[in-house]
Amino acid sequence: MSRSLLALLAATSLSLASPLAYEQFPLNDAPQSLLWNKTPLPLTNATRSFWIDTPGANPLAKEGSTGQLTHSADVCIIGSGISGISAAYELSKEPGLNLAVFEARGFCSAATGRNGGHLTRYIFQDFIAIAAKYGIEQAKVGYQLENYTMNAIVKLIEDEGWAEAVDLVHGGHTSLVMTDANYAKSKADFEAARLAGAPVDSVTWYTAAQMHEKFGTHYPAFTFDAYNLWPLKFVTKLFGLAKKNLLASSGSLTLHTHTPVTEVVQAGEAWEVVTPRGSTACKYVLHTTNAYAGHLLPSMSGPNGIIPTRGQVMAVRSRNTTMSSWTNTGGEYWFPRPGDDHENPLVILGGGRLQGGNSHLIRDDVIDPVVSEYLQDFLPEVFETEKHEPEMEWTGIMGYTKSHDPFVGPLEPLEGQNAKGQYISAGFHGHGMPRTFSSAQAVARLILADIKEEEWEQPSWLPDRYLTWNRVL
């Protein structure tokens, strides 16, 4: 480590005392009754999301919700979001496997499918805090995973010719810095990452005057390479590709939507996944239920597990809001829909949780009127434009963790011997798009290594801190 980097880490007061950019709420603001009780199943009457409820957006919404339940499978995946289907895709590369996916609601109906869209990696954000806690090299590995995820998803989309079908947009990303303190923090993190050898050359800084001339806002910012897309459409395509792979190798992939898993019961050396429609025998079980993991897993209920955290999003018109962006102060994020009215585009805008009081809620059937009012005022104030009523507004439940990082790997280290053969990839702390795909790939390879009785090799881009055997609950 260079002396200049050591000096910077030692001198800064922005290390562990500063919250990570995607951590906006201390866990102690959540009701203890929620933190310590069993997490409920997803509600069946969620608010209507632009991503899911736009006509024609979800052809798999009710797939496998009636008829015969899959009798048995090599791997049962609980959750049909990007984590579950990414794992299915990785497993589909092994010929002859039989996979079954279970979803409590419609296909891909949880947080990423409801709230997401930004395929935006972190490349230096919070470097000082992460390096102070885990070491410089492991901090860099965390950014490598996000870069790997973004590039792997984009390559897959381009190789398969899906770009137009999934609304892939490559427009870069702008992070507005709305306070002097956050500007100083961002600059310090950037400099520390640069001195550590992290690839930050693509970052460009803009003054408030430059941003006002370019975008009509009075805040300074930095930009870097990023994408956005329609998450549900990508996951739908990924499911189809995984199914095609398995059918070509005499395997199978079945999907059962509106089929909540209520219990996972040991059955000899295998598992029985129990639903209201019957049970499926499984050799392995993979939990990709994110905020809802605590419903089936005791270790995931409570402040040391995965904490349900509600996000609120709207689709609203905003004149000249042409950039894909977020703030690093309050967690707001937004981007215009591609192909829409350039002068007055429909913008997907989320955030405002700091305005609404307690956010650790499991209800996505209602919206918070205080957050709604804040979001409606947000873009007009930032860009000095007229205010519009939202065309659609909804909520979705994310899975936060105390460490800000997901749980990836076998459940046995967390749940004990009674969980041997069960795995997890969940708890992405509101920052799932650049982390879920690769985390699911890693856990799928762990399962395959066990199936084939081979030694698993940890990918160079997977942080040690993600792995379940390194987590302390």
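Predicted model only: the values in this text are computed from it and were never measured.
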* Is there a salt bridge (Lys or Arg N to Asp or Glu O under 4.0 Å) between Arg310 and Asp364 once you walk through the steps? -> CA-CA 7 Å; Arg310 187 170 70 190; Asp364 57 6; over 6 Å; no
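- Phe437 and Trp461 have their aromatic ring centers separated by at least 6.0 angstrom.
- Partner of Tyr122 under the ring-ring contact (aromatic ring centres under 6.0 Å, His included) criterion, chosen from Trp326, Phe190, Phe224: Trp326.
- In this structure, Lys233 is not positioned above the aromatic face of Trp162 in the sense of NZ or CZ being under 6.0 Å from the six-membered ring centre and within 45° of the axis.
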* side-chain contact (heavy atoms from CB on, under 4.5 Å) between Arg337 and Ile348, intermediate numbers included -> CA-CA 7 Å; Arg337 294 287 304 126; Ile348 305 300; 3.9 Å; yes
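- Relative orientation of the His429 and His404 rings is parallel, given thresholds of 30° and 60° on the angle between their planes.
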* Candidate pair Lys133 and Asp405, rule salt bridge (Lys or Arg N to Asp or Glu O under 4.0 Å), full reasoning -> CA-CA 13 Å; Lys133 189 171 184 180; Asp405 293 313; over 6 Å; no
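- Side chains of Arg445 and Gln441 form a contact here, defined as non-hydrogen atoms less than 4.5 Å apart.
- Side chains of Thr327 and Val382 form no contact here, defined as non-hydrogen atoms less than 4.5 Å apart.
- Annotation: cation-pi geometry satisfied between Arg465 and Tyr134 (NZ/CZ under 6.0 angstrom from ring centroid, within 45° of ring axis).
- Of the N and O atoms on the side chains of Asp464 and Gln458, at least one donor lies less than 3.5 Å from an acceptor on the other residue.
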* Going through the distances and angles, do Asp201 and Arg194 end up as a salt bridge (Lys or Arg N to Asp or Glu O under 4.0 Å)? -> CA-CA 8 Å; Asp201 292 345; Arg194 186 188 66 79; over 6 Å; no
